[in-house]
Amino acid sequence: MTVQTKVYPDAAAALFDLKDGISLMSGGFGLCGIPENSIREIVKQGILNIHAISNNIGNSGRGLALLLKQQQISRATCSYVGGNPDLEKQMLTGEVNATLVPQGTFAERIRAAGMGIRAFYTPAGAGTLVAEGKEVREFDRPCVLEFPLSADYAIIKAQKGDPYGNLWFQETARNFSPLMAMAAQITVVEVEQMVALGEIPPEDVHLPGVFVQRIYQGKDYENVTEFPVHRD
Amino acid sequence: MSESSNQHGWSKAEMADTVIDLIKPGSSLNLGIGMPTMIIERMPREKHVMIHSENGVLGVDGRPSQGSASPTLINAGKETIAIGPGASFFDSATSFGMIRGGHIDFCVLGGMEVDRHGNLANWMIPGKKVTGMGGAMDLVHGAKQVIVMLSHCSKAGKCKLVDQCALPLTGERVVHQVVTDLGLFSIYRGQFKVEQLAPGVTIEKLGMAPELLA
C-alpha cells in the first residue's frame, strides 16, 4: 500500500496548481517568518487577481510587496499597512481593494475558519468604522459579530518540519502561520530544515501535520530584519 | 536635566519614565508601535514587568547585543528585541486572547487624538494617511488600563487633547490616562484631570479650554 507523500522537491512543484483569482493567505509579521520561496515562485508565475490575506501584505518593498509591484494583487485583507508604501499607494489609487481588520479579529477569524467556529462577537471595533454594516450586540459592552476567514491556499514558513507536516517555529516567526495553515484548503509549507519523522519531539510540535497538505525544503533565505535596534 | 531651570516640558525619555511610574511592579504590559517602544529600554528590571508584544512574545527584556540579535525575534514595531527568563512565544490568536481575555494589565499606545470621554483616534486620517489599526482596536478593549502617549500639540500647534475626536475612532471610552510632553492626565467624568505637569508648564500653557479640564 502506498501513501501519497506530502513532500515536494521545491516551490515550483508545490505550487503547481495556482490560478488567477485565488485567495491566498501568507504567514508572517512584517517580514518576520514570511514564506520567501513561495512568494518568489508566485512572482515568477505571475498569476493575477489574487486576494491576499496577510497581516501586512509585505513591508519595505519585500515579501508580498513583490506581488504588489507586479500588480498581481487586486484584493487585500490585512490589519496594518504602515511601512508598506506599495500597498498604501495602490489602496489610494484603487488598484487594490483593501479591507482593514483589527489584528486580534483578523487572527481569530482565521482561527475560527480552521476550528469550525461559525461566528463570534468581539468588542474590537465597536463604535468605529469597522462595525459599520455589521451586527452589534450588547453584552457587558457592545460587541461586533465577525465571521470566519478562510482561503484557497496558505503559504507559510517554519524553521523545522517533517514529512508529515509537523512544524516547529522559531521565536516570534510563528505569528499567524499555524492559524493560516488550519484555515486554508491547501496549505503549502516551506521549511529551513526538513527533519525525519519523530525528530521534533511530540511535545514540541507547534502545528500538527494534519493541517498541512504540501511541504518542501526552502533555500536562499534572506531573513531580513526590518529595524535592527541594539543596546551596544 | 541640568538645564531644568529653563526646561519646558518633558523629553520623550521623560515621558516614557512618567509612563513607567504608572506601571505596577509584577504586572503585564503591552507596548504599542512608535513612542511607547522607548519604554522597553527604560523599564527597570526590578519592577519585574512582563512586557508583551502582540506579534507573539511575553517577556521582552530590552534590546539585544549586536551579536545576539535574531531576525525572528522582534516586537510589533518590527524592531529586534531580547527576552528575559520566563519568556514565552505563541501564535497571534493566543496573543490576542491574552489581550481580549483581560490578562494584560496595561497597554501603552500612541495616538493622534484623545477626547475628554476617553475616545481614541490613532489609525487613519481620511484622504491623507492610513496606517491601519493593527492591534490597537483589540488592545483598547482588552487591557485593564489603557495609557496613551502622544505629543501634546500637532506640528501646526493644535492641541491633540480635544473635546471630541474628529478623526475616525480606534475605540470609544477606552482611555484611562494620557501622557504628553506637557503633563500626565486622567480621564475623569468627561474631563481631563491634570495629575502632573512637566517642568515649566502651567495650566495656561496647555492650550486647552477650561471646560475640558477637571
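Lettering of chains follows the sequences in order, A, B, ..., and the numbering in each one begins at 1. Reckoned from all heavy atoms, side chains included, excluding hydrogens, waters and symmetry mates.
- Side-chain atoms of B:His103 and B:Ser28 include no donor-acceptor pair closer than 3.5 Å.
- Interface check for chain A: of the options B:Leu139, B:Ile99, B:Asp138, the most heavy-atom pairs under 4.5 Å are formed by B:Asp138.
- Of all the listed residues (B:Leu73, B:Thr170, B:Ile33), the one sharing the greatest number of non-hydrogen pairs under 4.5 Å with chain A is B:Leu73.
- Between chain A and the residues B:Val57, B:Thr131, B:Val140, the largest count of heavy-atom pairs under 4.5 Å involves B:Thr131.
- Within residues 37-51 of chain B, no residue approaches chain A closer than 4.5 Å by heavy atoms.
- Of residues 168-192 of chain A, those residues with a non-hydrogen atom less than 4.5 Å from any non-hydrogen atom of chain B are, in numerical order, A:Gln170, A:Glu171, A:Thr172, A:Ala173, A:Arg174, A:Asn175, A:Phe176, A:Pro178, A:Leu179.
- No part of A:Asn55 comes within reach of chain B, as not one of its non-hydrogen atoms sits under 4.5 angstrom from that chain.
- Side-chain contact check for B:Gln177 versus B:Val148: every heavy-atom pair is 4.5 Å or farther apart.
- A donor atom on one side chain and an acceptor atom on the other are not found under 3.5 Å apart for A:Glu146 and A:Thr122.
- Residues of residues 80-93 of chain A that come within less than 4.5 angstrom of chain B, heavy atom to heavy atom, are A:Tyr80, A:Val81, A:Gly82, A:Glu88, A:Met91 in numerical order.
- Residues of residues 129-144 of chain A lying under 4.5 angstrom from chain B, judged on non-hydrogen atoms, are A:Leu129, A:Val130, A:Arg141 in numerical order.
- Ranked by heavy-atom pairs shorter than 4.5 Å toward chain B, the options A:Val224, A:Val101, A:Ile110, A:Asn59 are led by A:Val101.
- Using modelled atom types, one finds a donor on one side chain and an acceptor on the other under 3.5 Å when comparing B:His52 with B:Asn30.
- Of the listed residues (A:Gly104, A:Pro123, A:Gly127), the one with the most heavy-atom contacts under 4.5 Å to chain B is A:Gly104.
- Looking at heavy atoms from C-beta onward, B:Leu161 lies in side-chain contact with B:Val178 at the 4.5 angstrom threshold.
- Both cation-pi conditions hold for A:Lys6 and A:Tyr164: the charged atom is under 6.0 angstrom from the six-membered ring centre and inside a 45 degree cone around its axis.
- Side-chain contact between A:Arg214 and A:Val212 is absent, with no heavy-atom pair separated by less than 4.5 Å.
- Looking only at atom types and distance, the side chain of B:Thr180 has a donor-acceptor partner in the side chain of B:His152 under 3.5 Å away.
- At a threshold of 4.5 Å between non-hydrogen side-chain atoms, the residues A:Asn223 and A:Glu36 count as touching.
- Ranked by heavy-atom pairs under 4.5 Å with chain A, the first of B:Ile81, B:Asp91, B:Asn75, B:Leu169 is B:Asp91.
- Judged by the 6.0 Å distance and 45° axis criteria, B:Lys193 is positioned over the aromatic ring of B:Tyr188.
- At least one side-chain heavy atom of A:Cys78 sits under 4.5 Å from a side-chain heavy atom of A:Leu100.
- Side-chain contact between B:Asp163 and B:Leu212 is present, with at least one heavy-atom pair separated by less than 4.5 Å.
- Using modelled atom types, one side-chain atom of B:Thr18 and one backbone atom of B:Glu14 make a donor-acceptor pair closer than 3.5 Å.
- Salt bridge annotation for B:Asp105-B:Lys24: absent, with no cationic side-chain nitrogen under 4.0 angstrom from a carboxylate oxygen.
- For the pair B:Asp61 (side chain) and B:Ala82 (backbone), a donor-acceptor distance under 3.5 Å is absent.
- With hydrogens and angles left out, the side-chain atoms of B:Asp181 and B:Ser151 include no donor and acceptor closer than 3.5 Å.
- With chain A as partner, the option from B:Arg173, B:Lys129, B:Arg100 having the largest number of non-hydrogen pairs under 4.5 angstrom is B:Arg100.
- In this structure, A:Thr105 OG1 and B:Met137 CE are separated by 9.0 Å, a value rounded to the nearest 0.5 Å.
- B:Pro126 places a side-chain heavy atom less than 4.5 Å from the side chain of B:Pro168.
- With hydrogens and angles disregarded, no donor-acceptor distance shorter than 3.5 Å links the side chain of B:Glu172 to the backbone of A:Thr128.
- Top candidate by heavy-atom pairs under 4.5 Å with chain A, chosen from B:Ser95, B:Ala87, B:Gly142, B:Ser70, is B:Ser70.
- Look at B:Glu79 and B:Arg63 and you find a salt bridge, because one of the NZ, NE, NH1 or NH2 atoms lies within 4.0 Å of a carboxylate O, short of that distance.
- Counting heavy atoms from C-beta outward, A:Met25 and A:Ile155 have side chains that stay 4.5 Å or more apart.
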